[in-house]
Amino acid sequence: MTGGDSHSTASIAARVHALREELEYHNYRYYVLDDPVIPDAAYDRLLRELEALETDHPEYASEDSPTRKVAGSVVRTFSEVVHAVPMRSLANAFEDEEVVAFDHRVREIIELEDGDVEYVAEPKIDGLAVSLRYESGWLVQAATRGDGRRGENITQNMRKVLGPGTTLDGGAVPDVLEVRGEVFMRREDFAAMNREQATAGQKTFVNPRNAAAGSLRQIDPAVTESRPLSFFAYSLGQVAGAAVPDTHWDILQWIGEFGLPVCKLAKRVWGVDGCLAYYREMQKKGGGLPYDIDGVVYKVSRMDWQSSLGHTARAPRWALAHKLPAQEEMTVLKRIEIQVGRTGAITPVARLTPVFVGGVTVSNATLHNRDEIERLDAREGDTVILRRAGDVIPEILSVVRERRPDGTEPFKFPQQCPVCGSDIVYERDGVIARCSGGLFCSAQRKENIRHFASRRAMDIEGLGYKIVDQLLGAGLIHDVADLYRLEKEPVAALERMADKSAENLIGAIDGSRKTTLPRFLHALGIPLVGEATAETLAGHFGDLDPIMDADAEQLQQVPDIGPVVAESVRVFFGQDHNREIVQRLRDAGLEWPRVEARQAREDSPFNGKTVVLTGALSMARSDARKILQSLGAKVTGSVSKKTDFVVVGADAGSKAEEAEQLGIRMLDEREFLSMAGHEDGD
Ligand code: IVH
């Protein structure tokens, strides 16, 4: 993209023309094909550049510029619907100042001198807009937004999405009621659907929005029905035969009374401060919400003020979309590097031109495995779309083929470990690649020692990657047991170390001698034995020796330990060098109290039960899971007839609904903790 500053008249005209063409093309990819090639943020930048040029050079303004029209035209396969009231878009803001300017303009037009304007703030759901027309309470027509005046008739498909919402509840239904809202897909539904599509060898979708669009615009309504779509109503179109409430807030309640879903996060706020506080709140929640949002919307609540404010061709003047930092961005994949993990697992990592996405600068993303690289056909030099939603690890969604430079080569996955040269072996049908070098591989040794020292294992403060590297490099240690024989002088002699820091490090290592059995087990780095499994093993066997000597059958008697984990534990302790390291650690004075097999477990209402966790809890999901497992419960990912309890956090999605339908007992976090014997809620 080139800037449009200080150009000659001809080059400005050319740039305006080029931007219009490019925007039209992307509108077509997005609205007609449901298959955009650039992220929304890149699109927004093009649109803004064009807006700025048209403002600065009004001579180039044009009625059919993409800045004036609502994008998205009608696709032929569905019949056409003319909207009784046009469906407009929203003006966008990216900075706080733009919200201040919006409020200022609103106050000027409604001539409000004192006091704050009441706004309704709502999440801007990332899906697609639809208009539902009810006559005497019956859904008679549903349409996409299309170009704002005409959309596609998707009545049959929306009947499937709405289910009981096909008829309005309540006695006093208006003769005509047009409800507008967003069709979208919840994140967990999206993930499950994509998994199913992949298993069935069908097309997968890059994000929930495209999945929702692709699923709604299916010619066969049965296909739409099989896709997990949701709907939230957020405004009205035409209404006849009823008095419309005086405020947008009351309209939302009114729509809710007809039995249609309205987003519960909508809130009344006052003035700019109220708007911005809401924005920050949603920004914090963003990644934890059960669905994608791309911003928040502020709407002047009073309907008489909305009328005075009116609208431009494209958007109402009484509303503003305040965008969250983009979750998807475009950047260049510079290099693909291979990382070797603690257990030898080989992970390809994408080194990227740093890009600001989801509120942080990202310069690396995982490429998961060989299959993923092949699926994406990601090559060094490619322009890629990167996504970072909430706190999720950034991932590459797709390659922008149109921007592929000449001379790129498909990536060749190595056959040998790039660190130690040992052969790479494949597990699980070739999906997982592993270096066969074991502790011969210095990358694995380093990861092993780092893991041993990590906070949730032996918790040795100050023993980070750098120092581990130095200690290994200087030959002061070869494995974790050597840590306990380190002496101050040689450590202090290492680069950037001094007496004091060496003393601190040795003090921290000393301090870790008194530990707990679960920590120690976790620290050993047995493949597939994480914190929770270490806890379970310790709780079941009470001490280390019975675990080391257990056979696969005994191990499998432990709740939640299946044949694969059992085998991994058995193989680990079956190796002489692992037993030897354990012995040397014990000789070095490592000790832990015996773990009393918990009586609590037998008495717990969760013992032997199947539990599903859904929605946002105040504690990490993994902790809730651990508590349940330690009480003998099995924690599963989906609700079925076999589920005994569903623990429901904030903004729970379809799982809570399923549980309700199946009549499964639902617990809120408080009930769950009290039944688990954690009365104090932590
Ligand atoms: S109000 C005339 N409210 O954002 C005002 N739109 O960029 C119509 N959207 O086409 C829109 N959440 O698809 C409104 N709470 C919300 C929304 C919302 C998502 C979408 C909608 C609209 C687009 C405009």
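Because only heavy atoms are used, hydrogens play no part in the values below, and waters and symmetry mates are left out as well, while side chains stay in. Start at 1 and go down the list; that is how both ligands and their atoms are numbered.
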In a table with atom names and distances, give each donor-acceptor pair under 3.5 Å that connects a side chain of residues 159-177 to protein atoms at least two apart or in another chain.
| residue | atom | partner | partner atom | Å |
| --- | --- | --- | --- | --- |
| R159 | NH1 | L139 | O | 3.2 |
| T166 | OG1 | G163 | O | 2.5 |

Distance from [atom] to nearest protein heavy atom, with residue and atom:
atom                    : answer
atom 3 (N) of ligand 1  : K299 NZ, 2.9 Å
atom 23 (C) of ligand 1 : K124 NZ, 3.9 Å
atom 12 (N) of ligand 1 : I125 N, 3.1 Å
atom 10 (O) of ligand 1 : R145 NH1, 3.0 Å
atom 15 (N) of ligand 1 : E122 OE1, 2.7 Å
atom 5 (C) of ligand 1  : L90 CD2, 3.8 Å
atom 2 (C) of ligand 1  : P316 CG, 3.6 Å
atom 6 (N) of ligand 1  : Y234 CZ, 3.4 Å

With Y234, which of E182, R180, H248 fulfils side chain to side chain donor-acceptor pair (under 3.5 Å)? E182

Kindly give the heavy-atom pair with the smallest separation between P228 and M185, and that separation in Å. O-CG, 3.3 Å

Are R15 and L53 side-chain neighbours, meaning at least one heavy-atom pair lies under 4.5 Å? yes

If you define the side chain from C-beta out and look only at heavy atoms, does anything of D651 sit under 4.5 Å from L265? yes

Donor-acceptor pair, distance only, cut-off 3.5 Å: does the side chain of R621 make one with the backbone of G615? yes

Mark up the atoms of ligand 1 that fall under 4.0 Å of a heavy atom belonging to A129, in ascending order. 10 (O), 13 (O)

I need the atoms of ligand 1 closer than 4.0 Å to a non-hydrogen atom of P123, numbered in the order shown. 12 (N), 15 (N)

Less than 6.0 angstrom separating the ring centers of Y134 and W138, yes or no? no

What about F232 and Y291, are their ring centers closer than 6.0 Å? yes

I'd like to check whether E182 has a polar contact with ligand 1, where a contact means an N/O of the residue lying under 3.5 Å from an N/O of the ligand. yes

